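All ligand and atom numbering here is 1-based and tracks the order in the structure. Quick note: numbers below take in every heavy atom, side chains included, and nothing from hydrogens, waters or symmetry partners. Please read these numbers as outputs of a predicted model, since none were measured by experiment.
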Amino acid sequence: MKDYGLTEEQRLIRDSVHDLAHDKFGPHAATADKQYQAPVHNLKPLAEMGYTGLFMPEQYGGAGLGVMENVLVVEQIARYCANTAILYSCTDGATPRAILALGSEAQKHAYLPAIVRGELLTAWSMSEANAGSDVGNVQTRAVREGDDFVINGSKLWCTGAQVSDLFLVWVRLTNDTGMKGMGAVLVHRDTPGFTIGKHLDLLGLRGTGMAELVFENCRIPASNLLLEAGRMRELLGVLDADRITGNPPVCLGVAQAAFENIVRHVKDRQQFGKPLADNQGLQWKLADMAMDIEAARALLYRAAQRVDEGNPSIVDTSITKAFVNQMAVRVTNEAMQLAGACGLSEDYPYERYFRDVRGMSIGYGTVEIHKSSIAREVLSGRYTH
Ligand SMILES: Cc1cc2nc3c(=O)[nH]c(=O)nc-3n(C[C@H](O)[C@H](O)[C@H](O)COP(=O)(O)OP(=O)(O)OC[C@H]3O[C@@H](n4cnc5c(N)ncnc54)[C@H](O)[C@@H]3O)c2cc1C
């Protein structure tokens with residue numbers, strides 16, 4: 001692998017995660033997909049190697065490293081098992097980041113060390129039937145009653161729901177409309193009145209335990225309030241960092257895997273008495289794929305470095321997320337085409353690669369919503385180079 005200007009420590013992390021994912025996760029990735037199994041057991045070796053809680057400060061047992069290291073780990077896991085990469089991002093992503101940035105001291109001490117040890121899996125629950133891109137329209141309510149909050153409502157598309165222990169739930173706390181009346185609470189899996197609803201099967205990422213959540217007079221202590229009403233911008237800020245670590249590296253890792261496999265395939269497969277790779281038209285397709293992947297990696301690594309240097313930007317995040325999402329759909333789709341009928345067969349990985357990245361253009365903010373963010377910055381004059 002090339003060094004991409006990475007430090008020696010970063011290359012060491014990348015290479016050791018690569019070896020683990022290649023040896024232990026890759027051989028079971030197709031089974032997890034076919035059987036809709038969430039491969040949570042893969043988090044154990046990652047925790048043992050110190051790769052859960054990478055960004056967490058040392059006082060909570062973490063490694064205190066940056067977004068760049070997180071990106072490298074997710075990319076290498078996704079190269080061999082996208083479901084594991086998503087589960088890793090659930091527990092090393094938005095919810096722990098939010099608890100670290102916004103939680104009380106008691107919440108940090110109660111949850112962060114266990115999350116770092118890989119013993120407490122977390123999920124992030126924002127979306128509802130009428131609150132998708134329009135996240136300000138959350139209707140699930142949490143009403144204060146004495147020392148408790150009582151929650152009623154339901155949530156959709158919660159990644160990791162079936163295997164998670166702790167849920168960060170976006171709720172309406174006051175009668176103010178939009179984001180103003182919203183806040184966030186932490187809910188334990190075993191809380192009476194809280195049930196994991198229907199398993200939601202999407203096109204891909206079938207091993208991420210996605211489900212709906214149902215709250216019926218679910219009572220939680222007031223101390224489980226993470227964020228009071230009127231401060232949702234701070235929570236969105238947390239999500240911005242996670243949009244770099246949680247989604248684009250999964251797409252990049254899967255696209256890389258599709259590319260490597262298809263290069264081998266077109267060199268091996270003979271048609272008309274010669275390898276497919278001898279056709280110039282197919283060579284140009286490979287060149288397009290290589291160009292796409294290199295551009296995506298450069299964008300992603302640059303965005304991660306900027307966050308680590310203390311210069312995050314909405315434009316960097318949105319350009320990176322939208323470009324890497326679209327690149328992965330192009331590359332995995334082209335790999336299916338180059339593999340012919342094998343590309344569509346479940347006996348080969350190509351259709352799974354395509355299915356796994358397709359939903360990433362919708363999760364973590366759709367490509368269209370990110371393009372609107374980019375356009376807003378461009379038109380306002382804030383976007384310069
Ligand atoms: C793989 C995956 C994982 C997910 N994980 C989670 C999770 O863990 N937790 C969670 O809470 N949610 C999760 N989601 C849900 C996700 O956040 C929503 O699907 C997403 O916000 C889009 O909402 P929607 O599906 O309701 O689409 P809609 O908002 O209904 O959008 C439909 C279409 O209209 C477009 N559109 C909408 N508004 C505009 C506009 N103003 N301008 C231009 N185009 C627009 C969208 O881009 C899209 O193409 C996940 C989704 C996926 C696919």
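- Residue contacts with ligand 1 leave out Met360, since none of its heavy atoms falls under 4.0 Å from the ligand.
- Phe259 does not carry Arg330 over the face of its six-membered ring by the limits of under 6.0 Å from the centre and within 45° of the normal.
- For the pair Val263 and Met289, the minimum side-chain heavy-atom distance is 4.5 Å or more.
- Polar contact check, Trp157 against ligand 1: a nitrogen or oxygen pair lies under 3.5 Å apart.
- Near Trp124, with a cut-off below 4.0 Å to any heavy atom, the atoms of ligand 1 are 7 (C), 8 (O), 9 (N), 10 (C), 11 (O).
- A side chain to side chain donor-acceptor pair (under 3.5 Å) with Ser318 is found for exactly one of Lys371, Arg376, His370, namely His370.
- Remark: Thr245 pairs with Asp242 by the side-chain hydrogen bond (donor to acceptor under 3.5 Å, both in side chains) rule, at least two apart or across chains.
- Protein heavy atom nearest atom 26 (O) of ligand 1, with residue, atom name and distance: Gly132 CA, 3.3 Å.
- Among protein heavy atoms, the minimum distance from atom 1 (C) of ligand 1 is reached at Gly359 O, 4.0 Å.
- Looking at Tyr51 and Ser16, their side chains do bring a donor and an acceptor atom within 3.5 Å of each other.
- In terms of polar-atom proximity, defined here as any N/O pair under 3.5 Å, Thr366 does make such a contact with ligand 1.
- Between His22 and His18, the angle of the ring planes stays under 30°, which puts this pair in the parallel group of the 30/60° scheme.
- Contacts of Ser125 with ligand 1, taken as heavy-atom pairs under 4.0 Å, involve the backbone alone.
- For Lys285 (side chain) and Gln337 (main-chain N/O), no donor-acceptor pair under 3.5 Å exists by modelled atom type.
- Residue nearest to atom 2 (C) of ligand 1, selected from Glu368, Met210, Met126: Met210 (by heavy-atom distance).
- Ring pair Phe194/Phe215 is parallel by interplanar angle, where below 30° counts as parallel and above 60° as perpendicular.
- Proximity of Thr159 to ligand 1, defined as any heavy-atom pair under 4.0 Å, is shared by backbone and side chain alike.
- Residue Lys155 does not touch ligand 1, judged by heavy-atom distances below 4.0 Å.
- In terms of protein heavy atoms, atom 52 (C) of ligand 1 is closest to Gly363 CA, 3.7 Å.
- If you check which protein heavy atom lies closest to atom 29 (O) of ligand 1, you get Ser133 OG, 2.7 Å.
- Distances from atom 20 (C) of ligand 1 to the heavy atoms of Leu213, Ile362, Leu156 show the closest one on Ile362.
- Residues passing the side-chain hydrogen bond (donor to acceptor under 3.5 Å, both in side chains) test with Gln271: none are found, sequence neighbours excluded.
- Of all protein heavy atoms, the one lying nearest to atom 10 (C) of ligand 1 is Ser127 OG, 3.4 Å.
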